[in-house]
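Just below is one structure, and these are the notes that go with it.
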Amino acid sequence: MTENTELNQNQDTTNEGIDQSEDISVDNDMAIEEFFAPSGHADIADDFKAGYVAIVGRPNVGKSTLMNHLLGQKLSITSRKPQTTRHRIHGILSNHEMQAVFVDTPGIHRNEVRAINERMNKAAVSALVDVDLVLFVVDSDQWRDDDLLVLQKLGDTNLNVVLVINKSDTLKDKGSVLPLIETFNDSFDFADIVPVSALKNQNLDRLQEVIASHLPIAAPIYDTEQITDRSERFLASEIIREKIMRSAGDEVPYDLTVQIDAFKDEPAHTDPKTGRPRKACTFIDATIYVERSGQKAIVIGDKGQRIKQVGMDARKDMEQLFDKKIMLTLWVKVKRGWSDDERALTSLGY
């Protein structure tokens, strides 16, 4: 099933001639200085702070939503389903005073039914190595066994841990969060406790201040204009997976993944057949793998309507994130038992 985007013609604009004879030497000197200046590292504070910040918690507490809203950019996919995040994803937040490299992790959980669950837990726990700070995210009104499991993992480290009580806007009685804070504080020696609403951007400025206070003084780890170290291929596959999970809801179980088969950038050019200018475009071919034939039918939908809508929604997000035109082709195939097959998981990037 294919979802294509029609390319629009370029509209060339040309400026009228301008007399630039005055101060041309000054302009040249400024251009040379700008060219050799360190990219993305200008205007940083003398006591600039930088470090890695792991975001951990049980499934479906809003870890990815928190990172996306801290960044002001949708980078990690979200859905109502638990364990939506399967890989460690780095998001980079930079300002004049600090750079926090967030590590969004899969939810830590006890029920390791299949090989993929075990790998997700390992990915989450391994994120605690060589980080400077941990954000432990919990629900404002729920404490579950998996929260305790995460806390036990954190107790095995010497890391500073900030308790982030998410979804605090859902509490009808705001005062009810105080006993919850006391309960958490009695169970662990947290460096700080910050109630937030990631979805509504409430108290995130305060959380950024707390994060900065616990990072070491250091030079930026990445270019301050960079928002992630993940490739466009990886981000494209995650966007497609999110759209399927959101579109199909509970109809499609956990057992699906997306593989990018081709990712080709085509520069702007003139069509040799028509002589018309064509915009730069990226052509992406992707395969959606499910475990059973019935799941394939659900993903494709009646007369292909679901997969068509998935393609349209995914392409829109990709164009916004990558800032370029996208031509997307989607295929759906059955790969039985992939989520419990070690070789298949490795080949699919887990």
* For Val164 and Leu135, run side chain to side chain contact (heavy atoms under 4.5 Å, CB included): C-alpha distance rounded to whole Å, both residues' side-chain angles, the deciding distance at 0.1 Å, then the answer. => CA-CA 6 Å; Val164 180; Leu135 303 184; 4.1 Å; yes

* Asked: Between Val53 and Leu215, is a side chain to side chain contact (heavy atoms under 4.5 Å, CB included) present by the stated rule, with each step listed?
  -> CA-CA 9 Å; Val53 182; Leu215 294 182; 4.0 Å; yes

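Taking OG1 of Thr282 as the reference point, atom CG of Asp265 lies at 3.5 Å (rounded to 0.5 Å). Distance check: Gln320 CD to Ile239 CD1 gives 9.5 Å after rounding to the nearest 0.5 Å. We find the CE-CD1 distance between Met327 and Ile284 to be 11.0 Å, quoted to the nearest 0.5 Å. Considering CD of Gln208 and CG of Asn203, their distance stands at 11.0 Å, rounded to 0.5 Å.
Residues Ala314 and Ile240 approach most closely at CB-CG1, 4.1 Å, considering heavy atoms.
By the 4.5 Å heavy-atom criterion applied to side chains, Ile307 and Ile288 are counted as neighbours.
Under a 4.0 Å N-O distance rule, the pair Asp139/Lys167 qualifies as a salt bridge. Electrostatic pairing of Glu97 and Lys49 does not count as a salt bridge here, judged by no charged N lying under 4.0 Å from a carboxylate O.
With Phe136 as the fixed residue, the side chain to side chain contact (heavy atoms under 4.5 Å, CB included) test singles out one of Val162, Ile165, Leu154, Ile193: Leu154. The one candidate from Gln309, Arg315, Lys316 that meets the side chain to side chain contact (heavy atoms under 4.5 Å, CB included) condition with Asp313 is Gln309.
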